[in-house]
Amino acid sequence: MSQSTESVVPLPYRRVVLKLSGNSFSRTGEGGISMSEIMTICNQIKRIVQLNIQLAVVCGGGNILRGKQFSSASVASNPSTAHYMGMLATVINGLALQDALESVGVPTRLQSAIRMEGVAEPFIRRRCLRHLEKGRVVILAAGTGSPFVTTDTAAALRSREIDADVLLKATRVDGVYTDDPEKNPHAVRYSEISYQDVLRQNLQVMDAQALHHCMEHNIPIVVFNYQKEGNIERVLNGEKIGTRILPVAQMPKST
Ligand code: UDP
């Protein structure tokens, strides 16, 4: 893998998967796509790429459709079909993100887990790695390509496949709390927590399947607020932003 001789301070992460939920593509409290919301993320992504970090972005689709909610709300919908619709929603977001990134000069490739020539390349691991090595941001859409799971699981699986050093889960809250910080003013943020404790306490961070994948392969997860300008870079610079979800053996002794 090519490493720039210009980077003076070695960064803790070399290859990163960023999971962007569907709601990062829309304004707070709204659905659909807001290009101005996407642009705020793009500007942060542009700076990350300049740090020579290899970045793959997994897009969610909840701003358009989540299979589970759609199939339970509609008697006419077959659950599998609803999940495929959800996966296609992630491709719409992927296209919007690609357009926005390229408008600020960031080279990208869109790869889809469901084949759709003319719109996106198929996800091919080795091709994905090659793009990353060439400094292209790879946008991963259509989740895993299979229904009944979420894009969190897709992000965990892709992190494993491409040997990512960390999975960044971008959210609108500052990390993982003991309780919902919007409902409980006494909720406290964890700076570090083990996968096991997240599962034991049933903290709503990621679906359990995604957590299990990360736990089995020791992929650290950082949950952080992407809306605070510069936070993605701070995380990648090793600053203690948000919550790090870690193997028990890597938990700091004091906590
Ligand atoms: N989905 C799926 N398989 C996958 C990934 C996603 O069936 O591998 C469907 C699922 O219905 C999901 C929807 O796509 O609800 C949108 O993804 P997700 O809910 O993870 O989006 P987010 O919550 O991140 O916006």
Side-chain angles (χ1 to χ4, degrees), residues 17-42 45 56-102 108-123 128 137-159 161 167-173 180 182 203-213 221 223 225-227:
V17 169
L18 172 66
K19 162 69 206 295
L20 289 180
S21 297
N23 63 16
S24 20
F25 290 80
S26 56
R27 288 197 194 88
T28 309
E30 294 180 10
I33 294 183
S34 155
M35 283 315 268
S36 63
E37 288 293 320
I38 298 176
M39 283 317 295
T40 61
I41 302 170
C42 285
I45 290 180
V57 183
V58 172
C59 297
N63 55 320
I64 300 171
L65 192 140
R66 285 197 180 91
K68 214 171 174 178
Q69 288 160 358
F70 189 77
S71 51
S72 58
S74 160
V75 276
S77 170
N78 177 291
S80 305
T81 306
H83 286 287
Y84 278 104
M85 291 163 72
M87 284 186 267
L88 295 184
T90 73
V91 181
I92 296 175
N93 286 336
L95 282 167
L97 181 63
Q98 179 173 46
D99 207 43
L101 280 172
E102 298 216 323
T108 67
R109 289 293 185 273
L110 177 62
Q111 293 201 334
S112 168
I114 297 174
R115 293 186 86 94
M116 46 180 90
E117 290 83 0
V119 172
E121 289 180 7
F123 171 74
C128 174
V137 172
V138 183
I139 302 165
L140 297 169
T144 61
S146 298
F148 305 111
V149 290
T150 69
T151 52
D152 282 351
T153 297
L157 287 171
R158 297 298 185 232
S159 297
E161 274 184 89
L167 168 53
L168 304 186
K169 164 108 175 157
T171 71
R172 286 180 172 165
V173 286
D180 184 346
E182 281 171 16
L203 298 170
Q204 301 300 306
V205 185
M206 279 189 143
D207 65 72
Q209 220 176 334
L211 269 165
H212 275 287
H213 281 298
I221 306 166
V223 183
N225 188 340
Y226 70 92
Q227 287 188 310

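Side chains are part of it too, since the values below use all heavy atoms of this structure and drop only hydrogens, waters and symmetry mates. Computed from a predicted structure; not experimentally measured.
- Here the NZ atom belonging to K19 is positioned 12.5 Å from the CG atom belonging to L168, to the nearest 0.5 angstrom.
- Rounding to the nearest 0.5 Å gives a distance of 8.0 Å between CG of L101 and CE of M39.
- The two residues A141 and V91 have their closest heavy-atom pair at CB-CA, 3.8 Å.
- Formation of a donor-acceptor pair under 3.5 Å by the N225 side chain with backbone atoms of A170 is not found in this model.
- Using a distance-only test at 3.5 Å, with no hydrogens or angles considered, no donor-acceptor pair links the side chain of T108 to the main chain of V138.
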Note to self: Checking I92 against I33 for the side chain to side chain contact (heavy atoms under 4.5 Å, CB included) test, could you report, in this order, the C-alpha distance in whole Å, the side-chain angles of both residues, the deciding distance, and whether it holds?
What the structure shows: CA-CA 9 Å; I92 296 175; I33 294 183; 3.7 Å; yes

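- Shown here for S26 and G32, the closest heavy-atom pair between the two residues is CB-O, 3.0 Å.
- Across every non-hydrogen atom of S159 and A155, the tightest pair is OG-O, 2.7 Å.
- Remark: D207 engages no residue in a salt bridge (charged side-chain N to carboxylate O under 4.0 Å, His left out) (not counting sequence neighbours).
- The side-chain heavy atoms of H213 and T153, taken from C-beta on, include a pair separated by under 4.5 Å.
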Next item on the list: Before giving the answer on side chain to side chain contact (heavy atoms under 4.5 Å, CB included), spell out for R27 and S36 the whole-Å C-alpha distance, their side-chain angles and the decisive distance to 0.1 Å.
Entry: CA-CA 9 Å; R27 288 197 194 88; S36 63; 3.9 Å; yes

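- Residues S112 and V119 form no side-chain contact, since every pair of their non-hydrogen atoms from C-beta on lies 4.5 Å or further apart.
- For the pair T150 and M206, the minimum side-chain heavy-atom distance is 4.5 Å or more.
- Side-chain contact between L97 and C59: present, with at least one pair of heavy atoms (C-beta onward) separated by less than 4.5 Å.
- Every pair tested for salt bridge (charged side-chain N to carboxylate O under 4.0 Å, His left out) that includes a residue from residues 80-93 fails, sequence neighbours excluded, so the list is empty.
- Between A82 and L65, the shortest heavy-atom distance links the atoms O-CD2, 3.4 Å.
- Contact record, A113 with G143: CB-O, 3.3 Å, taken as the closest heavy-atom pair.
- To the nearest 0.5 Å, atom CZ of residue F123 and atom CG of residue L110 are 12.5 Å apart.
- In this structure, CD in E37 is found 9.0 Å from OG in S24, a value given to the nearest 0.5 Å.
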Item checked: Test side chain to side chain contact (heavy atoms under 4.5 Å, CB included) applied to I64 and N93, step by step -> CA-CA 9 Å; I64 300 171; N93 286 336; 3.8 Å; yes

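- Looking at heavy atoms from C-beta onward, M116 lies in side-chain contact with L88 at the 4.5 angstrom threshold.
- Residues L167 and R158 are not in side-chain contact: their nearest non-hydrogen atoms beyond the backbone lie 4.5 Å or more apart.
- Under the 3.5 Å distance criterion, the side-chain polar atoms of R172 are matched with a main-chain donor or acceptor of N23.
- Side-chain N or O atoms of Q209 include none that pairs as donor or acceptor with a backbone N or O of V149 at under 3.5 Å.
- With contacts defined as side-chain heavy-atom distances shorter than 4.5 Å, the pair P79/F148 qualifies.
- Every residue two or more places apart in sequence or in another chain that forms a salt bridge (charged side-chain N to carboxylate O under 4.0 Å, His left out) with E117 is listed here: R115.
- By the 4.5 Å heavy-atom criterion applied to side chains, L211 and I221 are counted as neighbours.
- Nearest heavy-atom pair, P147 versus H83, reported as atom, atom and distance to 0.1 Å: CB-CB, 3.5 Å.
- The CE atom of M85 sits 13.0 Å away from the OG1 atom of T90 when rounded to the nearest 0.5 Å.
- Going from atom CE of M87 over to atom OG1 of T151 covers 11.0 Å, rounded to the nearest 0.5 Å.
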Checklist line | Check against side chain to side chain contact (heavy atoms under 4.5 Å, CB included), S21 and T171 | finding: CA-CA 7 Å; S21 297; T171 71; 5.9 Å; no

